[in-house]
Amino acid sequence: MTDVLTQPRPIRLKGRSYLALTLTPELPFEDWLARLDDLASRSAGFFLRRPVVLDITGLDIDRAQLRTFVSQLGSRQVRIMGIEGASPALLGSDLPPAMADGRPTPDFEPPAAAEVAETVTVAEPVMPELPKAVPSIIVTQPVRSGQSLVFLEGDVTVVGSVASGAEIVAGGSIHVYGTLRGRAMAGTMGNAAARIFCRKLEAELIAIDGYYKTAEDMGPEFRGKPVQIWLDGETFKVEALA
């Protein structure tokens, strides 16, 4: 009886699936990285803490090229969790592990590059344009752990809570009429005027216009309280809501 009680408990192995973004680069890598830099400049914080899989199926490269490419992605804050489509000879202990059998999901369409309008000189006075309504979406269900809600066109309003491990990425402001426990990234299209509002602040990470704070960096005086958060230059400001 004593032997049974003193034996160490067995390790419990559990399966769990996660949603990851897959990058499918093209040769030459230099041109593809330039396009990636352009996307990142228009969507600051998009790759922040996001799991990424690298699919190199069909690319004629050697191990040194792959190692250099993964390093270049790392310098851009793109962390590769696994590599798909690589032969065993290409991989090693200094590279992410091999991955396979990922289930496809709908493609993410990156924001289109802003077009520069041509300047037209007119003889008659031009009437000022009326301000356009800011696009927004309303989510009536809680955002659960592992879910990622991305709306780069404008504001996101959640009529509920955001669970730990979930994230909201908005081009405008974020409104959470519940507890914010996950990650909230507002103003990702370069909107420094965006704000984050929540009924109860328990966030793991907040970000506005590419500037971010983790839970460890946030002061305890506003934890668990209704707040609004905005940027003043490069400094986060937090104010309690009545």
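Computation of the quantities below employed the complete heavy-atom set of this structure, encompassing side-chain atoms and omitting hydrogens, waters and symmetry-equivalent molecules.
- Here Arg199 pairs with nothing under the salt bridge (Lys or Arg N to Asp or Glu O under 4.0 Å) rule; sequence neighbours left out.
- Val70 is listed as a side-chain neighbour of Pro96, based on a closest heavy-atom distance under 4.5 Å.
- At least one side-chain heavy atom of Leu180 sits under 4.5 Å from a side-chain heavy atom of Ile196.
- Residues Pro97 and Leu91 are not in side-chain contact: their nearest non-hydrogen atoms beyond the backbone lie 4.5 Å or more apart.
- For Phe236, the ring pair (Phe, Tyr, Trp, His ring centres under 6.0 Å) test picks out no residue, with sequence neighbours left out.
- Checking side-chain atoms of Arg79 against main-chain N and O of Gly74 turns up a donor-acceptor pair under 3.5 Å.
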Check the pair Ile168, Val139 against side-chain contact (heavy atoms from CB on, under 4.5 Å), reporting the backbone distance first and the verdict last. CA-CA 11 Å; Ile168 300 176; Val139 181; over 6 Å; no
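- Nearest heavy-atom pair, Glu167 versus Ser148, reported as atom, atom and distance to 0.1 Å: OE2-OG, 2.7 Å.
- Evaluation of the side-chain contact (heavy atoms from CB on, under 4.5 Å) rule for Thr179 yields Ser161, Arg181, Lys200, Glu202 as partners, not counting sequence neighbours.
- Counting non-hydrogen atoms of neighbouring residues, nucleotides and ligands closer than 6.0 angstrom, the CZ atom of Arg223 exceeds 12 such neighbours.
- Nearest heavy atom pair, residue Ala194 against residue Gly172, reads CB-O, 3.4 Å.
- Considering every non-hydrogen atom in both Gly165 and Ser145, the closest pair reads CA-OG, 3.9 Å.
- Residue Leu149 holds its CG atom at 10.5 Å from CE of Met185, rounded to the nearest 0.5 Å.
- Sorted by first and then second residue, the salt bridge (Lys or Arg N to Asp or Glu O under 4.0 Å) pairs with a member in residues 229-242 form an empty list; sequence neighbours excluded.
- Under the 4.5 Å side-chain heavy-atom criterion for grouping Ile, Leu, Val, Met, Phe, Trp and Tyr, Ile61 is connected to Ile80 within one hydrophobic cluster.
- Contact check for Leu201 versus Lys225: no side-chain heavy atoms found under the 4.5 Å cut-off.
- Looking at residues two or more places apart in sequence or on another chain, you find a side-chain hydrogen bond (donor to acceptor under 3.5 Å, both in side chains) between Arg195 and Gln228.
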Assess the residue pair Phe29 and Thr68 against the criterion (side-chain contact (heavy atoms from CB on, under 4.5 Å)); give the C-alpha distance rounded to whole Å, side-chain angles, the decisive distance to 0.1 Å, and a yes or no. CA-CA 10 Å; Phe29 284 147; Thr68 300; over 6 Å; no
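- Distance check: Arg63 CZ to Leu95 CG gives 6.0 Å after rounding to the nearest 0.5 Å.
- With sequence neighbours excluded, no residue forms a side-chain contact (heavy atoms from CB on, under 4.5 Å) with Asp60.
- Note: Ser173 OG to Ile208 CD1 = 7.5 Å, rounded to the nearest 0.5 Å.
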As a quick check of understanding, evaluate side-chain contact (heavy atoms from CB on, under 4.5 Å) for Met218 and Ile206, giving each step before the final call. CA-CA 9 Å; Met218 301 179 200; Ile206 58 170; 3.6 Å; yes
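- Between Ile56 and Leu90 the shortest side-chain heavy-atom distance falls below 4.5 Å.
- A continuous path of hydrophobic side-chain contacts links Val227 to Leu231 [ILVMFWY only; heavy atoms under 4.5 Å].
- Put simply, the side chain of Ile229 does not reach to within 4.5 Å of the side chain of Lys213, judged on heavy atoms.
- A search for side-chain contact (heavy atoms from CB on, under 4.5 Å) contacts involving Ala170 returns Val156, Ile174, not counting sequence neighbours.
- Cluster partners of Val159, by chain and number: Ile138. The rule joins Ile, Leu, Val, Met, Phe, Trp and Tyr whenever side-chain heavy atoms lie under 4.5 Å apart.
- The shortest distance between side-chain heavy atoms of Leu36 and Leu73 falls below 4.5 Å.
- Every residue meeting the side-chain hydrogen bond (donor to acceptor under 3.5 Å, both in side chains) condition with Thr57, not counting sequence neighbours, appears here in chain and number order: Asp55.
- Counting non-hydrogen atoms of neighbouring residues, nucleotides and ligands closer than 6.0 angstrom, the OH atom of Tyr177 reaches no more than 12 such neighbours.
- Residues that satisfy the salt bridge (Lys or Arg N to Asp or Glu O under 4.0 Å) test with Arg67, not counting sequence neighbours, are Asp94.
- Residue pairs meeting the side chain to side chain donor-acceptor pair (under 3.5 Å) criterion with at least one partner in residues 25-34, sequence neighbours excluded, are Glu26-Arg35.
- Here the CG atom belonging to Asn191 is positioned 12.0 Å from the CG atom belonging to Leu152, to the nearest 0.5 angstrom.
- At a threshold of 4.5 Å between side-chain heavy atoms, the hydrophobic network of Ile, Leu, Val, Met, Phe, Trp and Tyr places Leu54 and Val78 in one connected group.
- With rounding to the nearest 0.5 Å, the separation of CD1 in Ile137 from CG in Asp155 is 9.5 Å.
- Counting only heavy atoms from C-beta outward, the side chains of Thr157 and Ser136 never approach each other to under 4.5 Å.
- Taking Ser164 as the reference, Glu204 meet the side-chain hydrogen bond (donor to acceptor under 3.5 Å, both in side chains) condition, with sequence neighbours excluded.
- In the hydrophobic cluster analysis, where Ile, Leu, Val, Met, Phe, Trp and Tyr join through side-chain heavy atoms closer than 4.5 angstrom, Tyr212 is grouped together with Val150.
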Report the C-alpha separation of Phe69 and Leu33 in whole Å, then their side-chain angles, then the decisive distance to 0.1 Å, and conclude whether the side-chain contact (heavy atoms from CB on, under 4.5 Å) test is met. CA-CA 9 Å; Phe69 184 62; Leu33 286 170; 3.7 Å; yes
